[in-house]
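Just below is one structure, and these are the notes that go with it.
Atoms within a ligand are numbered from 1 in the order they appear, just like the ligands themselves. This is a predicted model, so every value here is computed, not measured.
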Amino acid sequence: MTGKTLIPVLGDQLSMNLSSLREAAQENSVILMMEVAGETTYVKHHKAKITFILSAMRHHAEALRGRGWTVDYIKLNDAENRGSFSGEMARAIERHAPGQIAVTEAGEWRVREMIENWEDQFGLPVTIHADDRFIATHQEFADWAEGKKELRMEFFYREMRHKTGLLLDEDGNPEGGKWNYDSENRKPAQKDLLMPQPIRFQPDEITRAVINMVDEEFTDHPGSLSHFHFAVTHEEAMRQKRKFLDEALANFGDYQDAMLTDEPFLWHSVLSPYINAGLLDPLHLCRDVEERYRDGAVPLNAAEGFIRQIIGWREYVRGIYWREGPDYVERNHLGAKRDLPDFYYTGDTDMHCMAQAIGQTLDHGYAHHIQRLMITGNFALIAGIDPKQVHEWYLEIYADAYEWVELPNTLGMSQYADGGILASKPYASSGNYINKMSDYCGHCRYDVKQRTGEDACPFNALYWDFLARNKDKLKGNNRLAMPYRNWANRNVEEKKALRKRAADFLSGL
Ligand code: FAD
Ligand code: DLZ
Ligand code: SF4
């Protein structure tokens, strides 16, 4: 190696043991961290998401300096800021005259393509290190997927259990005899005054400066900063992790799918922003969860349910994202074309479930999985909203959203726009499911028991309209045989009334 190494560290690479840093000689390296308009505005991110990422970046730069690294930090409002990673790399090369560049691979096609140009653009050798904060390598996912007709998460998850040894007994069999305890994770919840709440971290001086800047510069971005409570340092993220392990994990399994009015967090961990930005290590977290199970502090359905989300779903969606390529975002299997309704940005709708999920999202940059999948996602699916617009909304609005994880969850799992690569059937439901899993319907101006008429829950008619509208594409799916039989058995008048109710509602959107 000749000369200095320039090491760009991106906003979701805030880990001390990042692959690009591990192999670098501290005394001969400069870390470059860049706040750039290209990243803050390529979609209109929620104000809390921008605040979280920029504040966590500024704190991480301090922590790196504390460990002896030289960090060149570019703030968003630096007068010379060129507004893009490549523009700032060019300026940094003028300042530091490095002999080479080392970087950990990016988490999005957009940025990956940018980085792949750097060698030609700057005439310097660029080493791109694998991101080994994930459990599966790209090659391992490709090998697993090779030749399979269906890529089901469950089977990939078992591979990850074998690879990590998590929740296996001495003979390599799953703890308790079953791989998956999902069927024990579907209880509705009751109001509980002792329900744990995530720690509300008080903004320090660094965070307050970011809040003020975001408030001034991003007035046209969605969301509010008045509830900003995220952890922005490694230590704070660890505190939230311990709180989750001590107070919420034991009930995580039982109430994973439950929803309650004015309770955004229930027994969820609210750790995804920290895991995805690099403040928490996902495998360490899973080992901590396993330890709680082995100590007898939490039941198996909680520990397994949680570990499955991380080493199963999280790794699996990443594998799909890179496997499907940069055009995945264009898929629209069901040909859905309707524009995203304005109420996704205001929460202003009479549908109480939607007002809750969207309102909490605008306040916190957070909603838990079932709200994302079965409320806002389900509505967009059955109302026939353009999946690309739905994707952009999720990418903007959640503090944990980066394309590698958000896109497959939204476009694939929630909108069925990839035609079933990720989900074996569309996650479409009527109001009945929402009524079973939440207390929302009791607070709603619509009647969940009615299917037609102005007071009927819109999810009911939309659900049947969705099935009827997409019959050609979906009727061959075995998992939809029962609803299609049910539809076929309805008389003509009933079908007409349901479709009319759906059309009336949609025309009023
Ligand atoms: P918990 O319920 O406590 O779960 C624990 C952890 O498991 C999470 O922190 C997360 O790291 C992981 N996890 C759980 N489910 C998934 C999943 N389906 N895919 C990947 N990881 C998962 N998650 C994101 O991290 N970023 C996103 O942009 C994102 N977009 C989504 C969009 C849609 C339409 C849907 C249906 C889901 C999306 N998810 C996304 C997955 C999931 O909703 C969030 O990970 C979860 O709600 C985060 O809250 P939590 O930390 O309290 O999770
Ligand atoms: C999401 C985001 C935002 C809002 N701003 C920045 C930024 O100013 N600087 C930065 O390095 N990263 C930011 N990020 C995260 C990046 O978009 C993310 O690292 C890339 O998309 C690669 O996955
Ligand atoms: Fe949502 Fe329908 Fe229940 Fe109202 S009645 S909360 S719209 S499911």
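- Judged by distance alone, the side chain of H391 and the main-chain N or O of P387 form no donor-acceptor pair under 3.5 Å.
- There is a side-chain donor-acceptor pair under 3.5 Å between H60 and H234.
- The proximity of W404 to ligand 2, defined as any non-hydrogen pair under 4.0 Å, does not occur for either the backbone or the side chain.
- Annotation for ligand 2: atoms under 4.0 Å from non-hydrogen atoms of E108 are 21 (O), 23 (O).
- Atom 8 (O) of ligand 2 has as its closest protein heavy atom V36 N, 3.1 Å.
- No side-chain donor from either of Q240 and E236 sits under 3.5 Å from a side-chain acceptor of the other.
- In summary, the side chains of E263 and Q356 do not present any donor paired with an acceptor at a separation below 3.5 Å, with no hydrogens or angles considered.
- Within the 3.5 Å criterion, the main-chain N or O of V448 finds a donor-acceptor partner in the side chain of N460.
- Contact annotation: the side chain of V30 never approaches that of V71 to less than 4.5 Å [non-hydrogen atoms, C-beta and beyond].
- Counting heavy atoms under 4.0 Å from ligand 2, residue H45 touches it through the side chain alone.
- Side-chain contact annotation: R133 with S15, donor-acceptor N/O pair under 3.5 Å present.
- The shortest side-chain heavy-atom distance between R318 and D131 falls under the 4.5 Å cut-off.
- Neither the backbone nor the side chain of E403 comes within 4.0 Å of ligand 2, counting heavy atoms alone.
- Of the protein's heavy atoms, G11 N, 2.9 Å lies nearest to atom 11 (O) of ligand 2.
- E39 OE1, 2.5 Å is the protein heavy atom nearest to atom 17 (O) of ligand 2.
- Looking only at atom types and distance, the side chain of H352 has a donor-acceptor partner in the side chain of T261 under 3.5 Å away.
- Counting only N and O atoms by type, the side chains of Y446 and D455 include no donor and acceptor under 3.5 Å apart.
- Residues E108 and Y42 bring a donor and an acceptor atom of their side chains to less than 3.5 Å of each other.
- For a heavy-atom separation below 4.0 Å, the residues in contact with ligand 1 are F252, H268, S269, V270, L271, S272, I275, N276, F306, Q309, I310, W313, R314, Y366, A367, H368, H369, R372, L373, Y394, D400, A401, V405, E406, N409, T410, M413, S414.
- Sorted by first and then second residue, the pairs that involve residues 400-413 and meet salt bridge (Lys or Arg N to Asp or Glu O under 4.0 Å), not counting sequence neighbours, are R372-D400.
- Counting only N and O atoms by type, the side chains of H333 and Q415 include no donor and acceptor under 3.5 Å apart.
- Distances from atom 4 (Fe) of ligand 3 under 2.8 Å pick out these protein N/O/S atoms: C444 SG.
- Y344 and T376 share no side-chain donor-acceptor pair at under 3.5 Å.
- What sits closest to atom 23 (O) of ligand 2 on the protein, heavy atoms only, is D12 OD2, 2.9 Å.
- Of all atoms in ligand 2, listed by their number and element, those nearer than 4.0 Å to a heavy atom of G107 are 22 (C), 23 (O).
- If you check the side chains of S429 and N378, you find a donor sitting under 3.5 Å from an acceptor.
- Aromatic ring pairs are classed by plane angle as parallel below 30°, tilted from 30° to 60° and perpendicular above 60°; the pair H229 and F265 is perpendicular.
- Distances below 4.0 Å separate heavy atoms of L10 from the following atoms of ligand 2: 11 (O), 19 (O).
- Under the side-chain contact (heavy atoms from CB on, under 4.5 Å) criterion, E291 pairs with D295, sequence neighbours left out.
- Looking only at heavy atoms of the protein, atom 1 (C) of ligand 2 is closest to I53 CD1, 3.3 Å.
- The proximity of M57 to ligand 2, defined as any non-hydrogen pair under 4.0 Å, is limited to the side chain.
- Of the protein's non-hydrogen atoms, M34 O, 2.7 Å is the one closest to atom 9 (N) of ligand 2.
- Only the side chain of L54 comes within contact range of ligand 2, with a heavy atom under 4.0 Å; no backbone atom does.
- Of all the atoms in ligand 2, the ones that sit under 4.0 Å from a non-hydrogen atom of R110 are 17 (O), 21 (O).
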